[in-house]
Every structure is written in C-alpha cells, then in structure tokens.
Protein chains: 2
Amino acid sequence: MLTPARIMPKILVVDDEPDALEVLEFNLKNAGYEVSTADDGEAALKKARQLLPDLILLDLMLPEVDGLEVCKLLRRDPATSGIPIIMVTAKAAEIDRVVGLELGADDYVTKPFSPRELVLRVRNLLRRRTEGEDDKPQKMQFGDLVIDIPRHLVSVAGARVDLTATEFKLLIILAQRRGRVQSREALLRDVWEYDNLIDTRTVDTHMRRLREKLGDAARYLDTVRGVGYRFIEN
Amino acid sequence: MLTPARIMPKILVVDDEPDALEVLEFNLKNAGYEVSTADDGEAALKKARQLLPDLILLDLMLPEVDGLEVCKLLRRDPATSGIPIIMVTAKAAEIDRVVGLELGADDYVTKPFSPRELVLRVRNLLRRRTEGEDDKPQKMQFGDLVIDIPRHLVSVAGARVDLTATEFKLLIILAQRRGRVQSREALLRDVWEYDNLIDTRTVDTHMRRLREKLGDAARYLDTVRGVGYRFIEN
DNA sequence: CGCCGGGGTTACAAGTCCGTGACATGGCTT
DNA sequence: AAGCCATGTCACGGACTTGTAACCCCGGCG
C-alpha cells in the first residue's frame, strides 16, 4: 500500500487540573502521540494557532474563558477551524447540554475514562481526517459498463454481473490503468499481491472467466499478443 | 475543501408535452443549468445513461413507458441509480399515489409551478448531493425492519428483537453504510474498535447470531464471498 | 503450406471461504 | 458461590473459487 511516511500526530491537551493533565498526557504519549499542554483558555488558543495540532482535547470547565467558548473561538478562526476537537468533562450530565448546543466538538469523553477508551477515540478521529480523500475514483463508467468499487458491484447495460473477488480485482486494476498494457507479471503482482509462485497462465484463465461473465462488455478487455492485457475505453 | 472545478450542473428534462418541456427548459437554462430533453420514456433512459446528468426532471405521464416505470428502471441500473429525480405531474392527486409507492423519486413538483419554486427545488436537491451525504440518521427503517439508535431498539414486523451490544453495533454500522461492502477488518476496527488481537472469524459468528435473531429480516444482510458483508436495502 | 508459439478453452483436483454448532471464559447478577 | 449471559475461538462440512494442466485454435513466418 502507498502508506505515506507516517509522522507522529500532534495533540494539544487543555485542562486546568494538573492531575488530569498528567494522566491525559501520559496515556497519549504512551500511545505514540506527540503531546503539548495548556492549562487555560487563552494559552490553549495561542498554542493551537502556533502548533496547529492534529487534534485538541479540551476540558469543558476552564477558569476565565470556559471550554465552550474556546471551542467556538477555535472554530471561528480559519487557521484552527479544521482541527478535530474532543471535549472532556467530569460530569456526564454536562454532555447533553454540550451536545444540545452543537458547538462543533467532534467527540466527547467523560471523566473518569479508561485509557483505552481515550486512545480509541483519539485514533478514530485522527483516522477519519487522514484517510479522507483518495485519488482513484470509486465509481467508473464506460458506456454500459459500470464498476462501483465500494458496493462491489459491476453491471452491464443495467444488468448486474456477479464477479468473484479475484475477477473483480483484476477488472478494477485494468480499468484504473486503462490504455496501458499490463503484463501478466504486473497483474500477478498487483491483483494476486506478490505470489511469485503462481503460473502466469493463471492470469489467462481469469481473463477468460472475466470476459465470459462480462458478455458484451468483454470488448473493453484487449489482448496484446506477446505482452499482456489492457483495458480499452472505446 | 477539495471542490472539483465547478462545472455547470447538467439536467435532463423528460416530458411529452412540447409546451411544458419548453417552459421547463427555459427556466432551468435561465437559472444557469445545462439542459437536455427527452420526450418519451425510452429516450429518457437512453439519454440518462449516456449523459449521466446531475438531476432528472421526470413527468409522471408519458406515452408508452410511464414515468413511474422510468423512475424504477433508472433506480435499478447502477449507472443511474444515484441520480436525484424530481417528479413532475399535472394532477396534485397523483402525488399521493406516487409518494405512497415510495419508488425512489427525491422530490415532487405539481403543474402549474412557479419558475421560482422549480428552481429552488432543483437547487436544493443538487446541493444535498454535492455537500457530503446527510449526517447519519438516528432512526432507520427498511421494510419491516426498524432500527432506533437512541432507544437502542430493533424490531422486525413490529416485534421487538433483543440484541446484545455487539450485535446492535454491528447492525447499525452495516445499516449506516448500506450498499457498501464492509470487510471483516473494517468491521473489527469500527465495531470492536480496533482490537487487532481478535480473530476475523469472530465477525462471522456475530453475523450468524445477528441473522438468527433478525429472522426474516436477515435478508438485508448480504455476504460477499471473499470480501465481507453488506447491508442491502431490497 | 506446414510449423510454431501464444493465447483461448475446458476440465478437474485442491484450496478457500463461510455457515453452523459446540465449547471455554469471564463478567455480572442473584 | 452458583448461574446466566455475552463473547471469542474452534472444528467440521458443504459450496464455491482458484490454480494448473491438457488440449485446441489461429495467426505469423519461413
């Protein structure tokens, strides 16, 4: 997979109780995050802008400027408005109020929390932001052939075609690289994921099964003699 | 946000009365849309597949293949199933019938309509599709299966079904992502919250228990061999 | 015109995947 | 302490998938 060089996510923790701060910091560092802290609203806002953390853990009760206010301000500033926020609160009852206010936190944790729960929520939220957009289209159409990757669905002229997992993967790889010829070796590597052991004729067999099931739409699958296969658009 | 270069939304208008067609076309072009037309069901289906418009305005009364039928066919073909449809009809009374049929139109307009109303509805529908999907509904219904998340309640044909916490979570994750296949790994990550330690076969067992408890409604839970599970609506 | 090699086609044995029932564990209630 | 229930794991068996080998066809080339 094309995993981009992993960097350590940066987290800003805001809480005015030293004890709570320490617990949070310890657990997050343990889980492999880079942690900065702030113990009041003003410092939080300043650090958020300076550090641009990947996530902010914000206690609801703060002296001076309270958590809700900080949250709103963070959301208002374009520099920080995209940063996910997890609200932390001692009172479960507060949660409802906060949720009711819909002021833009992305998740909530109540004290006391288990370290596991905390880390899970953090990870979830970070993942959601990171995974985001991918480059390859998830749905493709060529004439009457439709390929819908998330639904794992292929249809020809509106009629659904049932493909096995391997056939589906083969078709996707070819369609995504349409125009370019793929050697049997390349296909084995990318569809079968690095099984150097299997015969290259295996590709042929799967191409045949794929063509059979696609019927009319098999015309998109082109054999280049002596080289491999390719997907042609017209 | 990664807004793709804005293009002019393409709208397909289907109506067999030349006058009505002209009025619709004029108003939509005036509002800045690219408009194509069709005057019978067959042409509509063909053009929809060819042009892949962003929205379809469909008159209920058409010669040969009527609007309802066209609507159903558009929905059935994966190529066009995601395109929003606005039904147009001369008789207000027809609306109820159509709504009752729940056949998948997204909005309804009755003749005579004000140009302003028409454009508003079009704009609304286009906006809804452009801005990411609507946030997750808290209560869902599919045929006789009702899932109420806040109340933690599931019923089939009116009869309450007792699910354990895990089963419930599994069901709602699948239902919220209905249509899209979820791999065992994805389910472990999101239902079990990232316990990499547990066996992927555990998912199977829980699916089995879920299906058993759902009885009839288990038909919504689909196995995609070699890939994972998915929730299907029909 | 016949040979040759690459690829289409068919058949089948081995492998894989999933539904199913059984069981161990461990937390919670009584 | 006993019992119950939720949950994770395992083993079995049937159905489907997949890799391979054998055979056939066809086009290119001498």
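Reckoned from all heavy atoms, side chains included, excluding hydrogens, waters and symmetry mates. Here is how names work: the chains are called A, B, and so on, in the same order as the sequence lines, proteins then strands, and each is numbered from 1.
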Options [options], nucleotide nearest the side-chain atoms of [X]:
X: B/D199; options: C/dG5, D/dT9, D/dT7; result: D/dT9
X: A/T166; options: D/dT17, D/dA6, D/dG8; result: D/dT17
X: B/A165; options: D/dT7, C/dT20, D/dT9; result: D/dT7
X: B/D204; options: D/dT9, D/dA6, C/dG19; result: C/dG19

Calculate the interatomic distance between [X] atom [atom1] and [N] atom [atom2]; express it in whole Å.
X: A/K213; N: C/dT9; atom1: NZ; atom2: P; answer: 16 Å
X: A/F168; N: D/dT17; atom1: CZ; atom2: P; answer: 15 Å
X: A/L187; N: D/dT18; atom1: CG; atom2: C1'; answer: 16 Å
X: A/R184; N: C/dG8; atom1: CZ; atom2: C1'; answer: 11 Å
X: A/L170; N: D/dT17; atom1: CG; atom2: P; answer: 16 Å
X: A/L214; N: C/dG8; atom1: CG; atom2: P; answer: 14 Å
X: B/I198; N: D/dA6; atom1: CD1; atom2: P; answer: 17 Å
X: B/M207; N: D/dA6; atom1: CE; atom2: P; answer: 18 Å

Heavy-atom donor-acceptor pair, [X] side-chain to [N] base, under 3.5 Å:
X: B/R225; N: C/dC18; value: no
X: B/R209; N: D/dG8; value: yes
X: A/R201; N: C/dG6; value: no

When you measure from the side-chain N and O atoms of [X] to the phosphate of [N], is any distance below 4.0 Å, counting only OP1 and OP2?
X: B/T223; N: C/dG19; answer: yes
X: B/H206; N: D/dT7; answer: no
X: A/W192; N: D/dT18; answer: no

How bent is the helix from C/dC1-D/dG30 to C/dT30-D/dA1, measuring the angle between the end axes built from five pairs each, rounded to 10°?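 Both end axes considered, the difference amounts to 20°.
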
Would you check if the side chain of [X] reaches a backbone N or O of [Y] as a donor-acceptor pair within less than 3.5 Å?
X: A/D15; Y: A/D59; answer: no
X: B/Q141; Y: B/G143; answer: yes
X: A/D40; Y: A/A43; answer: yes

Return the orientation label for the B/Y220 and B/F142 ring planes: parallel under 30°, perpendicular over 60°, tilted otherwise.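 Rings of B/Y220 and B/F142: tilted, as their planes differ by 30° to 60°.
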
How is [X] classified with respect to the nucleic acid when contacts are heavy atoms under 4.0 Å: base, sugar-phosphate, or nothing?
X: A/Y229; answer: sugar-phosphate
X: A/T202; answer: base
X: B/V203; answer: nothing
X: B/R211; answer: sugar-phosphate

Hey, could you give me the CG/OG distance between B/L145 and B/S155, rounded to the nearest 0.5 Å? 7.0 Å

Interatomic spacing from CD1 in A/I86 to CG in A/L57 - rounded to 0.5 Å: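 So the gap between those two atoms works out to 5.0 Å.
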
Hey, which of these two, A/E212 or A/G226, hits DNA chain C nearer its 5' end, going by closest nucleotide? A/G226

Could you pick out which residue, B/R208 or A/G228, lies toward the 5' side of DNA chain C when each is mapped onto its nearest nucleotide? A/G228

When you match A/T164 and B/T200 each to their closest nucleotide on DNA chain D, which lands nearer the 5' end?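 Upstream on the strand: B/T200.
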
Any donor-acceptor N or O pair under 3.5 Å, side chains A/R230, A/Q182: no

How far apart are the closest heavy atoms of B/R184 and B/V203, and which atoms are they?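 Looking at all heavy atoms of both residues, the shortest contact is O-CG2, 4.0 Å.
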
Walk me through it: do A/C71 and A/L58 pass the test side-chain contact (heavy atoms from CB on, under 4.5 Å)? CA-CA 8 Å; A/C71 189; A/L58 184 59; 4.0 Å; yes

